[in-house]
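Shown next, in structure tokens, is the structure this report addresses.
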Amino acid sequence: MTPVLELDDVSVTFRMGGPLRRTSIRAIRGVSLRVDPGETLGLVGESGSGKTTTSAVALGLRAPTSGTVRFDGSPFPRRRRALAGRMQAVLQHPQWSLDPRMRIGASVAEPLAVLGGGDTAPQVAESLAEVGLDPSFAQRYPHQLSGGQRQRASIARALITRPPFLVFDEAVSALDVSVQAQILNLIRDLQEAHGFAALFISHDLGAVRYVADRIAVMRRGEIVETADAAVFYERPAHEYSQRLLEAL
Amino acid sequence: MTVLLHVEALVVEYGSGDGTVRALDGAELVVEEGATVGVVGESGSGKSTLGAAVGGLLPAAARTVAGDVRVGGVSVAAMTPLQRRAMRRDQLGYVFQEPIGALDPTMRIGRQLGHVLRGQGRAAVLDWLERVALRDPARVAAAYPHQLSGGMAQRVAIAMAMASEPALLIADEPTAALDSEVREEVLDLVFTLAAGAGTAILWLSHDLPAVAKRCSRVAVMYGGRVVESGPAAEVLVAPRHPYTAALRRSVPSAAGRGERLVPVPGQPPVLTGAAVGCAFAPRCPAVLEPCTVDRPPLVGDLDRDVLCHLPAPVGAAR
């Protein structure tokens, strides 16, 4: 089976400062991970462990300094347009993915426009229904929605092109506890229905464990442990993973 | 312990006529000196209104219909505006959700902090910036708020709130606008500084596990009332109120392997007047007949107060 996404020994180095006092920071070092079709890989780690850099590499938004990234078995195409509609991201703050001056319906339909679709209204209605929003929400603006509803709308937008791969970057971190539970359940149900592969990034091991099939633990730019989610209910091998588990 | 803050049957409404919204519907809360109290509840449960009422900071559209807030035994409503300002200056510290919005955009950080430190000089300013773990105090002091990141600005706001070593620090979702990466650091800072100065903390949050980890006491708010309060460890492990139990069940780390999370069904209420019965009744799994008619009484038992017609006994799991 070809993995949807494969990172092989990927490192990213940031260079900072002017020419005379140039320093470099290795954000991630030798990261290898694999996401199979229909699988959710959880990525958990503390502040500055390199989670966000890894997600940028996975989405093809940042070229690795060394190592290779393969999407659907081949390296990223030079033209990003070729990837349109095949990978999507859901971010921490839904207001980051919704234009405040666009109605929800238009925001949700936008990815289809890139693919050159015709009448998008039925697809928008279907996508909104899937995430549990009434079709009438298409006419509203983002500020007229609650935080949970906005996150649902941004998930609808991410799903409308039926992408085989999604990145959830701290997608539930900014939500109320009870809303968080609804969104986590929604992600699980949608994945069951559509079978997309996902990279679910969070600092909260509890949330990651709940949605992921396998979990990779990052620390200081390296992956220290990758194991089945089941292991993280009992006794993970690495000492740092154990500490994360105890902190729950 | 002496009581520092006493909120007594406080009722606060916004707007008037048909547009009236009741944000607090008889909230009761006691904070003792040096205590760390977490107030948890969903958006719209009245947390922020409660926090603002403590310092007499309610917006003009708000009306206090009934009840009282006493800080150090003195009623906030009875104070003259001058006395209220003095109380805020000497006894209270506030940290809000939006750090950059809490700072004056036209004034350099050093100068703003200098105002709070009341002429203690530049050395004290730099000392405080260093105490909130800002790496380059001199550079930060010379910066304007828009030149700082959210995390840095929140550190400055914490320094300003703590500079007078207040008796009570009110932190209204201090980390909600921050990246999850900076959250823990900022919370560590707040709690370390407060412990050092003997400051009591009133932390308004929706993050149940975080509150359980850091606070000694917790008060759970729903529909403008504190529905349950007590020692944090006990309340969150063995809740007496069905709402607390429902909240706890929706925390992902509480779900065992293969279990499905149970979100609290329905939506939180928007009250337009006094709730007729229990505000949680429409969403409650154990609703009884009196719940929709009578306001639940306060049932106190071994330091565990709960507002419910059918409270679980102390120690029993709900």
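In what follows, chains carry the letters A, B, and so on, assigned in the order in which the sequence lines appear, proteins first and then strands, with residues in each chain numbered from 1.
With A:Thr65 contributing its side chain and A:Thr13 its backbone, the two residues share a donor-acceptor pair below 3.5 Å. With hydrogens and angles ignored, the 3.5 Å screen pairs a side-chain donor or acceptor of B:His241 with a backbone N or O of B:Leu307.
In this structure, chain B has heavy atoms under 4.5 Å from both the backbone and the side chain of A:Gln182. Contact of A:Asp169 with chain B is not made at all, since no heavy-atom distance falls under 4.5 Å.
Looking only at heavy-atom pairs under 4.5 Å with chain A, the residue among B:Gly41, B:Pro209, B:Ser205, B:Ser250 that has the most is B:Ser250. Most heavy-atom pairs under 4.5 Å with chain B: of the set A:Gly148, A:Gly147, A:Ala181, this distinction falls to A:Ala181. The candidate from A:Leu175, A:Val208, A:Val172, A:Val179 with the greatest count of non-hydrogen atom pairs under 4.5 Å with chain B is A:Leu175.
Distance CG/A:Leu41 to CG/A:Leu5: 9.0 Å, rounded to 0.5 Å.
Counted within 6.0 Å of CZ on A:Arg220, heavy atoms from surrounding residues, nucleotides or ligands total 12 or fewer; the atom is thus considered open.
Taking the six-membered ring where the residue is Trp, B:Tyr243 and B:Tyr222 present tilted rings, their angle falling between 30° and 60°.
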